[in-house]
Amino acid sequence: MTFQAIVFYSFAAWLIFAAIMVISSKNSVKAALFLVLTFASASAIWLLLEAEFLAISLIVVYVGAVMVLLLFVVMMLDVDYAALRQGFVKKLPIALIIAIAFFVVLYSFLTHGEFSAEKFAEPAAKAADYSNIKALGRVIYTEYFIAFEIAAVILLVAIIAAISLTFRGRRNRKSQNISKQLAANKKNRLKIVKVDPVVSANETSDELAVNQSEKQS
Amino acid sequence: MNGSEIATIDWWAWIETSFWIVFKIVLILLPLILAVAYTTYAERKIIGYMQLRLGPNRVGPKGWLQPIADTVKLIMKEIVVPKGSSKTLFVIAPVLFIGPSFAAWAVVPFDAGMVLADVNAGLLYVLAMTSIGVYGVIIAGWASNSKYAFLGAMRSAAQIVSYELAMGFALVGVLMCAQSMNLGEIVEAQSGGVLNWFFIPLFPLLIVYWISGVAETNRAPFDMAEGESEIVAGFHVEYGGMAFSLFFLAEYANMILISFLTALMFCGGWLSPFQGMGVLEDITAWVPGTIWLLVKASFFLFCLLWIRATFPRFRYDQIMRLGWKIFIPVTLVWLPLLAVWIKAGVWPFN
């Protein structure tokens, strides 16, 4: 067994362990954290395939951003775990049938279909200075330019749809107008009032002292 | 027999390479930890002088031994695991915070060719490492079973995701100028004098990157995750002793990392500022590149402390506004401009 094979099998084992823990752990936050571990092991396996750009993007996008937001939501939710576990035995047969069917389809597809191992020659290892970032960029921005742009526009539409769905309703709620706050200056916040330093004539200095001692007590 | 012979040879080569890798890691980490210790000292002294105080001056001559005393104090303290907390995650969180902040140093070059891992996608790797550090914060906040810690974790998560976008866009500008993601090649692309450094064509991106870097390290004025005046100490409120000092160590290692990266990507890294200046270049030719890099990084590190001493903490909604409504549009405008600039071949891209 070569060193690479050892690395591959250990990360693959990690990946499967973490994936099983995602669906079996009792706590949803821990399940999300195991999903992070799954992504990290998948990224390590992609690194073995010399796809370093994809591997690191998986970390940046999924581990660094998507999962952080997912955790954000999951931590805030108050999930009743006991209710979630109800009816496990009743639903097990259906779940098993779906899982087996899915596995059979995937297995036959990967061994006999378009993506079977015989249809692809084993890729030769690239030289150390080969940059798959440049290769990927070249393909995306020339051959698949339109598909890439369409995907981007669809994502933009999805963003706008999500914002407009959540941003409806009352518009008269109290919110901070930051530009107004930043535009504030001394002139419209501070008013200097001149007070006459004159003491009225009938109030002698003795009376003033008495008044002060009364205030203190 | 033959097979076993090959196996033994392989084995020795393997041990040798691993030894050298570990040796280099130690060579990077030991000075880093020492630098962290003395950054805390420098911070207290500098901020002290800025606020007309003396700073630490009792332990050792002029307070030089203060960081050592602090370390000893932190090691001796007991680590209390709060009741009702998730024990495993509570212990793992500081490790998850410090791991990425040390791992990112693997691709930082200290001079031409002086780098632990000469990775093609170095820039992306650094971005990945700085972004997964947030897990330490989130897990610490959640596992502590404390409301203050949880609030700190939530704030940190939202803040880091927002600023990472602006940071990534700023790095795209660097990538466009250098035509490479390798940090060493990025520095080489800036050779030929101060005017070739990227801070000139990328000035708005430098500002965006720098401020996002301050936000990403959770430093004042972006220290919402800690926010002493609002949520006690934020995500690490339940941590004490060594567990706390790991958070502390990681935060300062991140600060130093951001300073180094800014120096590398925008200010010519290890290149001398006197390149192509005739006499001045000859006089300073003996200065090793590492010194120039250290000087530049120290300047940015000083700025971090300066910023902390100067600005009050941001309000939370203003942080979000700055990230989403100011920084991201600025980068989105500057990148097309930059593309046109590079394609037109006008100075400094000719």
Side-chain angles (χ1 to χ4, degrees), chain A residues 1-3 6 25-30 32-37 39-40 43 46-47 50-76 126-137 141 159 163 175-179 181-182, chain B residues 10-11 13-14 17 86 88-89 92-93 96 100 107 118-135 137-139 141-143 150-151 153-162 164-165 167-168 171 175 179-182 185 216 315-318 320-322 325-326:
Chain A
M1 201 157 32
T2 60
F3 180 65
I6 296 172
S25 65
K26 284 179 186 163
N27 190 316
S28 54
V29 172
K30 280 183 185 160
L33 288 174
F34 273 113
L35 191 55
V36 174
L37 188 60
F39 283 132
S43 146
W46 284 5
L47 266 185
E50 301 182 6
E52 68 255 11
F53 178 76
L54 289 178
I56 300 179
S57 336
L58 184 72
I59 296 274
V60 172
V61 175
Y62 279 91
V63 177
V66 173
M67 286 310 295
V68 172
L69 292 180
L70 187 76
L71 264 180
F72 196 97
V73 176
V74 163
M75 282 177 174
M76 302 262 219
K126 295 284 192 293
D129 60 341
Y130 174 79
S131 162
N132 58 30
I133 303 165
K134 271 182 191 159
L136 199 68
Y141 286 102
I159 293 173
I163 292 173
S175 60
Q176 311 265 6
N177 185 349
I178 296 183
S179 4
Q181 289 172 356
L182 291 179
Chain B
D10 253 348
W11 187 238
W14 200 76
T17 8
S86 174
T88 339
L89 289 179
I92 286 177
L96 279 179
V107 294
D118 200 9
V119 191
N120 270 337
L123 203 61
L124 207 59
Y125 172 82
V126 166
L127 192 67
M129 284 303 136
T130 47
S131 66
I132 62 176
V134 69
Y135 279 101
V137 175
I138 297 180
I139 293 174
W142 185 78
F150 188 62
L151 281 173
M154 290 287 107
R155 287 177 172 196
S156 180
Q159 179 181 328
I160 290 194
V161 168
S162 332
E164 199 183 282
L165 281 171
M167 210 175 190
L171 294 186
L175 175 68
Q179 313 271 318
S180 169
M181 273 204 172
N182 183 313
E185 282 172 33
E216 196 98 329
R315 215 173 57 202
Y316 190 71
D317 59 321
Q318 285 176 334
M320 288 294 135
R321 176 174 171 271
L322 185 69
K325 291 190 179 170
I326 297 177

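When reading the values below, keep in mind they use all heavy atoms of this one structure, side chains included, and skip hydrogens, waters and symmetry mates.
Taking a 6.0 Å sphere around OH of B/Y316, one finds it holds more than 12 heavy atoms contributed by other residues, nucleotides or ligands.
Of the two parts of B/A153, neither the backbone nor the side chain holds a non-hydrogen atom closer than 4.5 Å to a non-hydrogen atom of chain A. Heavy atoms closer than 4.5 Å to chain B are found nowhere in A/V61, neither backbone nor side chain. For a residue to count as touching a neighbouring chain, one of its non-hydrogen atoms must lie under 4.5 Å from one of that chain's; by this rule A/L58 does not touch chain B. Contact of B/L165 with chain A is not made at all, since no heavy-atom distance falls under 4.5 Å.
Screening A/I59, A/V66, A/V63 against A/F39 for a side-chain contact (heavy atoms from CB on, under 4.5 Å) leaves a single residue, A/V63.
For the atom pair CD1 (B/I160) and CD1 (B/I138), the distance works out to 8.0 Å, reported to the nearest 0.5 Å. Going from atom CG of A/L54 over to atom CG of A/L47 covers 10.0 Å, rounded to the nearest 0.5 Å.
The residue among B/Y135, B/F150, B/Y125 with the most heavy atom pairs within less than 4.5 Å of chain A is B/Y135.
The heavy-atom pair separating B/M181 from A/F53 by the smallest distance is CE-CE1, 4.5 Å.
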